[in-house]
Every structure is written in structure tokens, then in C-alpha cells.
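Worksheet: the structure to be examined is printed underneath.
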Amino acid sequence: MKIALLIEYDGKDFAGWQVQPDVRTVQGEIESAFTKILQQKIPVTASGRTDTGVHAHGMVAHARIEEIKFGLEKLAEALNAESAQDIVIHSIREVPEDFHARFSAVDREYRYTIIRKRTAIERDATWYVRGDLNLDAMKSCVDALIGDHDFTSFSKLSDDVEHYRCLVNLCSLETQGDKLIFTIRANRFVRGMVRALVGSIVEVGKSKLNFDNWKHLLTNPIELDRARYIAPAQGLTLWKIRYPQEFHLWE
């Protein structure tokens, strides 16, 4: 049977999602837990890969397992028992054979949290930015992101993508007390894109980067200007993945 998993994790102590030799990864932890429970190796495929230090509120992955007698709710409980506390499997559902965590997704949503005052408790989930910020200028950048763009200037070079075009259908910057919440939803994301966008938008907010020059990077991408401004990983969270209703998943 094919199953989909809804996963939350704190990325602070992980070298990203994807299995790598000699380092701790989210995929590696979950696959190890499967091996302990089912006594066989179960490959787990995610909707995408998060980098070192990036968190997930609603990562979705799929796997194929043999029929089990104790049910999917018990399987989730068993996986949680075998995993460290910085990973939680919130739910497991059976899905059709044509479901794919990555290729069936309609869009993905990320949130990046900036905090305006120094914090101890939230330091691993926010980016502390000092000084004044021009929020109107930053929101001009956010408004300009809606639509189809080539994000070459706001991404890292990747050998496994054919192009850097993404369709952004939601983008906002909201003030919540001492925090600024940047939210972006798109049909796809390229490597480093959200952190590069946030880093550059903060530069605009600090008046270190002119809005017109920022927009020129968006509308006239230049290879040499790739990801010049990168926000720290700890403020970024993969918030949710949306799928067609026919799969009857969590949204």
C-alpha cells in the first residue's frame, strides 16, 4: 500500500531533509524508524528538500509499505516513539498509487519569521534584525513578487533544474507584535529562493538596496548576481503543501 505522511520537524540539529553520509537528516531518521518497526528498509520520498537548519510545519512525504495489521494511526505512534522529539509524524493516510509527494503537489507555502528585538527562547526559529526598517519599501517588493518570474537572481545554482521560473500566487508581509512574517506560496521553489528573497527585501528595508535595483534583479535576472543576500536558515519554515482534492489529504 502507498501512504502519505504529514511531518513536522525542528531543523536546528539536522543537515537538511535528504539522506547524506555521516550526518543526521530528517529522511534518515524516519527511514531508520521504519526499519526498526517493520524490519525492512522503506524509502521515503518528500515533496521537496529543506536545507540545513530549515524547519517544517507541514512537510508531506510518501512511502510504500506492506499491509499492516495494527493500522496507520498506530504506525504513526510507533514512528514517533522511535524518532527523536524534533520530528513528529502528525498523520498517515493511504493514497492512490498515482500519488507522488513532489509531483502531485499543486503548490507549496513557506513562512519566514523576522524578529525586531533580541530573543533567547525563539532564537532558533527567527532572524533577529536590528535597526529601523522601511516597511513600505519592503511591501513594495512583496507586491512585485506576485506572478510568474525568473528567480535566477534569487536562487543558488542547481544542476537538477531546467529553469528558474516560478509562479507566485500569494505573497505577504505581516506585522505581529515584534515579528514580521513573510509568507510566499508558489507552484515551485528553486534552491535558496525564499532565503534570498527575504535577505534582499531586508536590504531594501534598511535602505542598503534601492527598490528599483531590487526589481531589476527580478525582471532582468543576471547569473553573476545570484543570491547576493541570504537570510539565515533558522527563520524559514516549510508551512504546508497543497494537493488536488481528489487525494483527500489534510488541507
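Computed from heavy atoms alone, side chains included, the values below leave out hydrogens, waters and symmetry copies.
- For Arg116 and Asp178, the salt-bridge test fails: no basic side-chain N is under 4.0 Å from an acidic carboxylate O.
- By the 4.5 Å heavy-atom criterion applied to side chains, Ile3 and Ile65 are counted as neighbours.
- The residues Lys2 and Glu94 are annotated as not salt-bridged, no charged nitrogen and carboxylate oxygen being separated by less than 4.0 angstrom.
- Under a 3.5 Å cut-off, the side chain of Lys208 and the backbone N or O of Glu203 do not form any donor-acceptor pair.
- Listed for the Arg228 side chain is no donor-acceptor partner under 3.5 Å among the backbone atoms of Ala196.
- Within the 4.5 Å cutoff, the side chain of Asn220 has no heavy atoms near those of the Leu217 side chain.
- Note: the hydrophobic cluster containing Tyr128 does not contain Ile114 (ILVMFWY, side chain heavy atoms under 4.5 Å, direct or indirect links).
- The closest donor-acceptor contact from the side chain of His149 to the backbone of Val168 lies at 3.5 Å or more, if one exists at all.
- Using a 4.5 Å heavy-atom threshold, the side chains of Thr183 and Leu173 count as separate.
- Applying the side chain to side chain donor-acceptor pair (under 3.5 Å) test between Glu109 and each of Arg185, His57, Arg242 identifies Arg185 as the sole match.
- Put simply, Tyr229 and Leu135 are part of the same group of oily side chains (I, L, V, M, F, W, Y) that touch within less than 4.5 Å, one to the next.
- Judged purely by atom type and a 3.5 angstrom limit, Glu8 has no side-chain atom pairing as donor or acceptor with the backbone of Val88.
- For the pair Asp51 (side chain) and Gly16 (backbone), a donor-acceptor distance under 3.5 Å is absent.
- Looking at heavy atoms from C-beta onward, Tyr112 lies out of side-chain contact with Leu180 at the 4.5 angstrom threshold.
- Under the side chain to side chain contact (heavy atoms under 4.5 Å, CB included) test applied with Trp127, the options Leu236, Thr113, Val198 reduce to a single match, Val198.
- Arg108 and Ala101 make their closest contact through NH2-O, 4.5 Å (heavy atoms, listed as atom of the first residue, atom of the second, distance).
- Between the side chains of Trp250 and Ser91, at least one donor N or O lies within less than 3.5 Å of an accepting N or O.
- The aromatic ring centres of Phe151 and Tyr164 sit 6.0 Å or more apart.
- A salt bridge links Lys179 with Glu122: the distance from a Lys NZ or Arg NE/NH1/NH2 to an Asp or Glu carboxylate oxygen falls below 4.0 Å.
- Using a 4.5 Å cut-off between side-chain heavy atoms of Ile, Leu, Val, Met, Phe, Trp and Tyr, with links allowed through other members, Tyr110 and Val129 fall into the same hydrophobic cluster.
- Looking only at side-chain heavy atoms (C-beta outward), Ile42 and Arg64 stay at 4.5 Å or farther from each other.
- Note: Tyr243 and Phe99 meet the aromatic proximity criterion, with ring centroids under 6.0 Å apart.
- Within the 4.5 Å cutoff, the side chain of Asp86 has no heavy atoms near those of the Glu29 side chain.
- Side chain of Arg195 to main chain of Gly192: no donor-acceptor pair is present (N/O by atom type, distance under 3.5 Å, no hydrogens or angles).
- Geometrically, Arg49 does not engage Trp17 in a cation-pi contact defined by less than 6.0 Å to the ring centre and at most 45° from the axis.
- In the hydrophobic clustering of ILVMFWY residues, with side-chain heavy atoms under 4.5 Å counting as a link, Ile241 and Ile87 come out together.
- The closest side-chain heavy-atom distance from Met193 to Leu197 is below 4.5 Å.
- Using a 4.5 Å heavy-atom cutoff, the side chains of Leu238 and Val54 are not in contact.
- Distance alone, capped at 3.5 Å, places no donor-acceptor pair between the Gln40 side chain and the Thr35 backbone.
- One hydrophobic cluster, built from ILVMFWY side chains closer than 4.5 Å, holds both Met1 and Phe247.
- With hydrogens and angles disregarded, no donor-acceptor distance shorter than 3.5 Å links the side chain of Gln234 to the backbone of Lys12.
- A side-chain donor-acceptor contact under 3.5 Å links Asn80 to the backbone of Ala76.
- When only modelled atom types and interatomic distance are considered, Trp214 and Ser200 share a side-chain donor-acceptor pair under 3.5 Å.
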